[in-house]
Amino acid sequence: MAKPRVIYWFRTDLRLHDSPALQAALDLEPEVLWPIFTWDPHYVYKSRVGVNRWQFLLDCQNDLSQSITKLNKKSKLFVLREGPQTLFPKLFKAWKPTHLVFEKDTDAYGRFRDEAITKAAKAAGVQVIIQPGRTLWDSDDIVKQHGGKPTMSITQLQAAGKKQGPVAKPIPAPESLPDPGDMPVDFEQDPPETKPDFNANYRSEKDTGYKDIAGPHGDFAIETLEELGFPPATTPHRGGETIALQALDKLIKNADYTATFQKPKTSPAQFSPQSTTLLSPFFHFGALSVRLFYWRVHQVVSSYGKGASSPPESLIGQVLFRDMYFAAQAALGQSFSQTATNPCCRFIPWHLPSKRDPKTGFTTGEYHIDKEEPEVWFQRWKYGVTGFPWIDALMRQLKEEGWIHHLGRHSVACFLTRGGCYVDWERGAEVFEEWLIDHEPACNIGNWQWLACVAFFTQYYRCYSPVSFGQKWDKNGDLIRRWIPELKKVSAKYIYEPWKMPLPDQKEAGVRVTGDGLSDPQKGTYPKPMFDFSERRGICMSAMKKAYAVGLYGNDEKVLDGSWRSLFPSPDEAEVMGEYESDFGENADNGDDGSQEEANNETSRNKRGAKSNGAESKPKKQKIEL
DNA sequence: GCTATAGTTGGTGTG
DNA sequence: CCACACCAACTATAG
């Protein structure tokens with residue numbers, strides 16, 4: 001029998017160490033092995049991928065390619081520029097592989113894509129081998145162990161993991177690789193769907209990425225940012241398995257840090273070096289195996305003895321959360337990424353809600369502007385000109401470097417949603433999707449749901465202050481000074497609240513606090529705060545209280561057909577009823593909670609109807625009712 | 001079925 | 001500097 005000819009399809013596993021899928025390919029003892037990467041229009045045009053994450057991906061691809069070449073001079077990472085659904089059927093004919101091997105992807109689109117590829121392979125008589133490898137445990141196994149339900153708490157994940165058994169031990173990197181086979185691409189290229197282009201704002205230059213399947217020189221070279229029409233990246237963070245392994249070694253050497261790590265005690269204000277490991281982008285691209293990390297940290301912790309931290313605060317705890325979000329996504333599929341149709345996501349009448357395809361129920365990437373003010377707030381949040389220096393510094397760091405500390409993410413996410421702007425968490429998640437170099441769909445969605453108190457977390461009365469939270473970590477405001485040079489000379493007394501600075505102090509610091517930061521910002525100025533935070537905090541909190549009492553979830557018919565409006569009284573009526581007078585000494589709910597301003601004033605509204613009516617129906621405290 | 005408690009990481013004020 | 005109570009109050013889980 002002829003020896004196997006294997007296509008190894010790299011995707012989010014850009015590494016050689018501890019790759020169960022690559023090991024499975026090599027276990028076939030193939031005659032030839034093609035290590036390939038395919039471009040996917042879904043990633044290039046239909047996902048939000050900022051220039052910094054592209055750079056990180058490039059780093060990972062280049063490093064992997066070099067590592068492959070070290071094992072076999074004839075081989076490298078061969079990049080093919082065409083969507084996998086159309087490319088593979090042609091490759092199967094042209095290259096005549098016997099096997100296609102890849103790491104399992106449990107993302108919603110990944111499953112859809114891989115199902116199509118698997119079908120095409122079967123039709124072509126090509127055997128498909130899929131191995132899990134992105135997470136500690138196979139996310140589908142975790143779901144099974146959890147009774148087919150999404151894991152919505154860390155204890156649920158831990159229980160399911162315990163049932164599933166120990167995390168797999170890491171597999172060493174291969175010591176050699178087979179030669180690649182011939183790679184004819186004498187077939188027509190199916191052009192990508194480029195419109196709409198979610199990343200159009202980056203493509204200032206000409207986009208030539210998809211011109212030829214084998215790249216501009218016909219050598220399957222790794223892409224450059226120029227070919228994509230992208231400007232240079234601004235992030236200082238570099239990718240690749242080589243530096244990931246070095247970073248891991250360095251971490252492990254510091255036994256005290258590794259064994260006693262407590263996430264809530266790491267500072268979101270610390271930079272160069274940051275207070276956490278910054279390994280997340282390597283996990284995302286698979287440049288570092290999360291199981292290798294797990295076992296090496298485990299070794300340090302178990303030999304450390306007394307004083308070691310434990311989950312959820314510990315380093316191990318951090319990757320457990322990652323598995324929890326992956327398993328939640330694995331169970332819920334695409335509806336995990338949005339409120340509508342999602343049975344585990346609370347419905348809140350946020351501002352700027354997503355538009356949906358009426359046929360599928362899924363969001364389109366566009367959103368409704370229910371009111372002008374929150375749209376301005378959202379833009380000011382996104383571009384770091386809210387007038388709250390702590391928020392603005394973090395957002396500017398995020399945009400330029402593609403990474404901010406986890407607690408910094410908490411702070412800005414709370415501010416945009418339940419703790420300030422009352423803007424839909426899906427808007428914030430989209431910005432993070434675009435800008436984060438470590439953007440992991442499951443974790444990003446899960447964490448936004450957490451912070452917005454729509455899933456995973458419920459204590460909406462715990463609200464991050466854009467002033468005191470930063471001050472707790474960074475009295476002098478060094479992070480602010482680093483990212484907002486306009487405020488560099490402002491005294492520590494005013495650095496978190498420059499609007500309180502008297503004019504003489506402004507003069508001395510060389511900054512004027514004026515304007516909205518968006519329209520024609522003057523040099524030497526910093527914007528005024530876009531609202532009174534404590535007032536907004538009170539409004540948001542009472543609106544959250546109301547929405548919790550109504551108790552709708554994303555899959556409720558009332559959410560999907562718009563009749564949820566009848567459950568939320570019009571703002572004027574609410575004030576007259578005096579139901580949710582703020583307990584914070586501020587105005588009562590003044591209608592800033594979402595599109596409910598559009599709510600009809602139907603008089604026959606059943607006041608006792610304010611409870612869940614969907615599949616999730618359960619008794620609720622009805623404190624809100626009179 | 002009930003109650004008590006804990007839950008990745010809040011803010012403020014007091015001692 | 002820290003510890004702690006209180007704020008106002010949700011829900012899953014353990015017992």
Side-chain angles (χ1 to χ4, degrees), chain A residues 146-147 149-160 162 260-270 275-276 280 309-325 328 344-346 348 390-391 394 404-415 417-420 443 446-475 496-497 533-534 536-538 540-553 580-586 611-612 616-624:
Chain A
H146 192 52
K149 296 190 305 270
T151 46
M152 299 305 286
S153 74
I154 199 65
T155 44
Q156 290 176 351
L157 181 278
Q158 283 173 302
K162 204 171 178 187
T260 64
F261 182 94
Q262 287 174 285
K263 188 64 162 278
K265 292 192 179 164
T266 59
S267 169
Q270 200 176 307
S275 62
T276 51
S280 50
S309 56
S310 50
E313 295 184 328
S314 64
L315 277 181
I316 297 281
Q318 305 314 300
V319 284
L320 291 175
F321 276 111
R322 185 173 176 276
D323 261 50
M324 176 188 80
Y325 290 131
C344 295
C345 181
R346 273 177 196 285
I348 312 275
W390 170 249
I391 300 295
L394 287 164
I404 54 176
H405 186 278
H406 190 64
L407 291 180
R409 300 181 196 197
H410 275 212
S411 205
V412 299
C414 179
F415 184 85
T417 57
R418 67 181 165 88
C443 300
N447 278 315
W448 273 95
Q449 293 181 356
W450 186 298
L451 264 298
C453 289
V454 293
F456 301 102
F457 186 71
T458 57
Q459 284 155 278
Y460 56 78
Y461 46 87
R462 290 191 178 174
C463 180
Y464 290 84
S465 158
V467 174
S468 34
F469 186 69
Q471 280 173 332
K472 190 165 86 185
W473 301 99
D474 178 15
K475 270 269 168 323
Y496 283 87
E497 301 170 285
F533 171 71
S534 94
R536 288 298 310 168
R537 179 180 178 274
C540 288
M541 227 178 260
S542 56
M544 290 295 290
K545 185 174 171 179
K546 168 68 183 169
Y548 262 63
V550 170
L552 293 176
Y553 282 79
Y580 10 93
E581 242 164 324
S582 166
D583 300 294
F584 304 94
E586 306 293 342
K611 63 180 154 191
S612 174
E616 298 292 310
S617 184
K618 55 189 142 190
K620 290 257 173 226
K621 268 192 251 174
Q622 299 289 316
K623 240 181 156 176
I624 206 81

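Chain naming here is simple, since letters A, B, ... match the order of the sequence lines and numbering starts at 1 in each.
Distances from the side chain of A/Y464 to the nucleotides C/dA9, B/dG10, B/dT8 place B/dG10 closest. Nearest to the side chain of A/Y460, among B/dG7, B/dT9, C/dA9, sits C/dA9. Of the candidates C/dC10, B/dT9, B/dG11, the closest approach to any side-chain atom of A/S465 belongs to B/dG11. When the nucleotides B/dT8, C/dA12, B/dG7 are ranked by their closest atom to the side chain of A/T458, B/dG7 comes out on top. Set against C/dA9, B/dT8, C/dA12, the side chain of A/K545 has C/dA9 as its closest nucleotide. Candidate nucleotides C/dA9, C/dT13, B/dT9 were compared by shortest atom distance to the side chain of A/T155, and C/dT13 ranks first. Out of B/dT9, C/dC10, C/dT13, the shortest distance to the side chain of A/H410 is found at B/dT9. For A/H406, the side-chain atoms get nearest to B/dT9 when compared with the rest of B/dT9, C/dC10, C/dA12.
A/L320 has its CG atom 11 Å from the C1' atom of B/dT8, to the nearest Å. Taking atom CD of A/Q459 as the reference point, atom P of C/dC6 lies 18 Å away to the nearest angstrom. The nearest whole Å value for the distance from the CD atom in A/Q158 to the P atom in B/dT8 is 9 Å. A/F321 places its CZ atom 10 Å from the P atom of B/dG7, with the value rounded to the nearest Å. Rounded to an integer number of Å, the gap from A/R462 CZ to C/dA8 P is 14 Å. Put simply, NZ on A/K546 is 14 Å from P on C/dC10, counting in whole angstrom units. Atom CH2 of A/W390 and atom P of B/dG11 are 10 Å apart (whole Å). In this structure, CZ of A/F457 is placed 9 Å from C1' of B/dT8, rounded to the nearest angstrom.
Residue A/S153 places no side-chain N or O under 4.0 Å from the OP1 or OP2 atom of B/dG7. The phosphate of B/dT9 (OP1 or OP2) has no side-chain N or O of A/Q318 nearer than 4.0 angstrom. Between B/dT9 and A/K265, no contact under 4.0 Å exists linking OP1 or OP2 to a side-chain N or O.
The CD atom of A/Q158 lies 5.5 Å from the CG atom of A/L320; values are rounded to the nearest 0.5 Å. Atoms OG1 and CZ, on A/T151 and A/F456 in that order, are 7.0 Å from each other to the nearest 0.5 Å.
Counting non-hydrogen atoms under 4.0 angstrom, A/E313 reaches nothing in the nucleic acid. Across all strands, A/F469 comes closer than 4.0 Å only to sugar-phosphate atoms, never to a base (heavy-atom distances).
In this pair, A/Y461 does not lay its aromatic ring on the base of C/dC7; centres under 5.5 Å and planes under 30 degrees do not both hold.
Using atom P as the reference point in both C/dC7 and B/dG7, the two lie 22 Å apart (nearest Å). Taking atom C1' in both C/dA5 and B/dT8, the straight-line distance is 22 Å, to the nearest Å. Only the P atoms considered, C/dA8 is 22 Å distant from C/dC4, to the nearest whole Å. Here the separation of B/dT5 from C/dA9, taken at their C1' atoms, is 14 Å to the nearest Å.
Separation of the A/Y464 and A/F415 ring centroids does not fall under the 6.0 Å cut-off.
Base pairing annotation: B/dC2 forms a Watson-Crick or G-U wobble pair with C/dG15, both donor-acceptor distances under 3.5 Å. When both distances must be under 3.5 Å, the Watson-Crick or G-U wobble mate of C/dA8 does not exist. B/dT14 is paired with C/dA3 under the Watson-Crick or G-U wobble criterion, all donor-acceptor distances under 3.5 Å.
Using modelled atom types, one side-chain atom of A/Y496 and one backbone atom of A/G470 make a donor-acceptor pair closer than 3.5 Å.
Aromatic ring pairs are classed by plane angle as parallel below 30°, tilted from 30° to 60° and perpendicular above 60°; the pair A/F469 and A/W390 is perpendicular.
The nearest pair of heavy atoms linking A/P264 to A/L407 is O-CD1, 4.1 Å.
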### Query
Would A/T266 and A/H405 count as a side chain to side chain donor-acceptor pair (under 3.5 Å) if you check the C-alpha gap in whole Å, the side-chain angles of each, and the deciding distance to 0.1 Å?
CA-CA 9 Å; A/T266 59; A/H405 186 278; 2.8 Å; yes
